[in-house]
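No experiment lies behind these values; they were computed from the predicted model shown.
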Amino acid sequence: MNGSIRVSAKTIDDAITEALIQLGVTSDRLEYEVIEKGSAGFLGIGMKQAVIEARRKPEPVVDEQKSLIHEKNQEVNTEIQSKSVKEVSKSEVIKKEVKKEAPPKEGHGPRHESELAEVKEETKKAVESFLNDTLKAMGMTVELISDVDSDGALSIEMKGSNMGILIGKRGQTLDSLQYLANRVANKHQDGYIRVKLDTENYRARREETLKNLAKNIAYKVKRSKRPVSLEPMNPYERRIIHAALQSDSYVTTHSEGEEPYRKVVVTLKR
C-alpha cells in the first residue's frame with residue numbers, strides 16, 4: 001500500500017488508534033488491513049502484538065469539471081482563512097461563532113433564543129438567493145430546505161448529487177459557505193442571525209466521528225501517560241472534543257496554536 005504505515009500494539013483497536021494519531025486523521029478517513037490479529041498468550045508468555053497496515057483514504061476521484069469546482073472552493077477557503085485577525089475581529093458573525101470554544105459549564109445550557117434576532121422572511125430569501133446563485137456558479141443543482149430551528153437559527157439543508165464536493169475536506173468548503181451565508185444574513189436586518197448549513201447529515205456524522213476519536217485519544221493518553229495533539233480543527237469541532245472529554249476524571253483538554261492551525265491537546269490530569 002503506497003503511503004502506508006505499519007503499526008503494532010496489544011490489540012487491533014490500540015493499533016487503529018495509534019494509526020489515527022500518526023496519520024493525523026479521523027476514523028472516517030482511515031483504511032487499514034489486519035496483518036496480525038495478535039494474541040494475549042498464557043500469563044503473558046507467547047504474547048503476539050496486533051499489526052495493521054494503515055493509510056489515509058484517497059480523495060474521491062472526480063472529473064475535470066468537478067476538479068475545477070473543487071479548486072474554486074479551495075480559493076474561497078484560502079481567501080477566508082488568510083484574513084487578518086484584525087479584520088476578522090470586526091465581523092460580528094465571527095465574534096459570535098468563535099468567542100468561546102470551551103463547552104458550557106455544568107448546569108448551563110445553550111444560548112437562549114432571545115439572544116438571536118427573529119429571522120425575517122426577507123433575510124431568509126436573501127440567504128437562499130445567495131446560496132442558489134453561488135451553487136449555480138459552481139455548476140451544481142441543489143435543493144434548499146430552510147427552517148428556523150429550536151435555537152432560533154436559520155437552518156438550511158442542501159440536497160443534490162455530488163454533495164461530497166460541497167462538503168470539502170473535513171467540511172472546509174461547507175464551513176466557508178456557511179460563513180458567507182452568515183455575512184449575508186446579518187447585512188439584511190438588525191440583531192444577530194445565525195445560519196447553519198448542512199448536507200447529507202454531515203454535521204451529525206462528523207460530530208459522532210470526533211466523539212469517537214476523543215475517546216480513543218483519551219484512552220491512549222491514559223495508557224501512555226503522554227499528551228497527544230490532534231489535527232488542526234475549526235472552533236466548532238474543537239468544542240466537540242472539549243465537551244466529549246470534560247467529564248473524564250483522568251484527562252483534560254486545551255487548545256494550542258493560531259487559526260487556522262489551532263488544535264486540541266489531550267493531557268493526563270495531575
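Annotation: side chain of Glu207 is not in contact with side chain of Leu210 (no heavy-atom distance under 4.5 Å). With a 4.5 Å cut-off on side-chain heavy atoms, Leu230 and Leu213 count as touching. Counting only heavy atoms from C-beta outward, the side chains of Ile35 and Arg6 approach each other to under 4.5 Å. Put simply, the side chain of Glu259 reaches to within 4.5 Å of the side chain of Pro235, judged on heavy atoms. Inter-residue side-chain proximity for His188 and Lys120 is flagged as unmet; no heavy-atom pair is nearer than 4.5 Å.
Counting heavy-atom neighbours within 6.0 Å of Glu36 CD, excluding the residue itself, gives a total above 12. Within 6.0 Å of CG on Asn201 lie more than 12 heavy atoms contributed by other residues, nucleotides or ligands. Counting non-hydrogen atoms of other residues, nucleotides and ligands closer than 6.0 Å to NZ of Lys225 gives a total of 12 or fewer.
What you find for Thr253 and His242 is that their closest heavy atoms are OG1-ND1, 2.7 Å. In terms of heavy atoms, Ile241 sits closest to Ala214 at CD1-CB, 4.0 Å. Scanning both residues, Ala185 and Ile193, for their nearest heavy atoms gives CB-CG2, 3.9 Å. Ala19 and Ile52 make their closest contact through CB-CD1, 4.2 Å (heavy atoms, listed as atom of the first residue, atom of the second, distance). The two residues Leu131 and Ala181 come nearest to each other via the heavy atoms CD2-CB, 4.4 Å. Between Thr267 and Pro227 the shortest heavy-atom distance is CG2-CB, 3.4 Å.
In this structure, a donor-acceptor pair under 3.5 Å is absent between the side chains of Arg223 and Tyr219.
In this structure, NZ on Lys196 lies 8.0 Å from OH on Tyr236, to the nearest 0.5 angstrom. A distance of 11.5 Å separates CZ in Arg56 from OG in Ser4, rounded to the nearest 0.5 Å. Taking NZ of Lys48 as the start and NZ of Lys37 as the end, the distance is 13.0 Å to the nearest 0.5 Å. The line from NZ of Lys215 to CG of Asn212 is 6.5 Å long, rounded to the nearest 0.5 Å. Taking OG1 from Thr123 and CD from Gln189, the interatomic distance works out to 3.5 Å, rounded to the nearest 0.5 Å. How far OG of Ser255 is from NZ of Lys263: 11.0 Å, rounded to the nearest 0.5 Å.
Looking at Glu31 and Lys57, no side-chain N of the basic residue comes within less than 4.0 Å of a carboxylate O on the acidic one, giving no salt bridge. Salt-bridge formation is not detected for the pair Lys269/Asp248: no Lys NZ or Arg NE/NH1/NH2 atom is positioned less than 4.0 Å from an Asp or Glu carboxylate oxygen. In this structure, Asp151 does not pair ionically with Arg194, as no charged nitrogen and carboxylate oxygen lie closer than 4.0 Å. Using a cutoff of 4.0 Å between basic side-chain nitrogens and carboxylate oxygens, Arg203 and Asp175 are scored as salt-bridged.
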| Passes salt bridge (Lys or Arg N to Asp or Glu O under 4.0 Å), Arg262 versus Glu256? Steps please. | CA-CA 6 Å; Arg262 194 163 171 79; Glu256 293 181 354; over 6 Å; no
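Residues Val148 and Val127 are members of one and the same hydrophobic cluster, defined by side-chain heavy-atom contacts under 4.5 angstrom among Ile, Leu, Val, Met, Phe, Trp and Tyr. Clustering ILVMFWY residues whenever any of their side-chain heavy atoms sit less than 4.5 angstrom apart, transitively, puts Val265 in a cluster other than the one holding Leu245. Cluster membership check: Val51 does not share its hydrophobic cluster with Leu30, using side-chain heavy-atom separations under 4.5 Å among Ile, Leu, Val, Met, Phe, Trp and Tyr.
Between the Thr199 side chain and the Met158 main chain, a donor and an acceptor come within less than 3.5 Å of each other. Checking side-chain atoms of Glu157 against main-chain N and O of Ile145 turns up no donor-acceptor pair under 3.5 Å.
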Atom pairs and distances, side-chain donor-acceptor, residues 132-142, under 3.5 Å, sequence neighbours left out:
residue, atom, partner, partner atom, Å
Asn132, ND2, Glu128, O, 3.1
Thr134, OG1, Phe130, O, 2.8

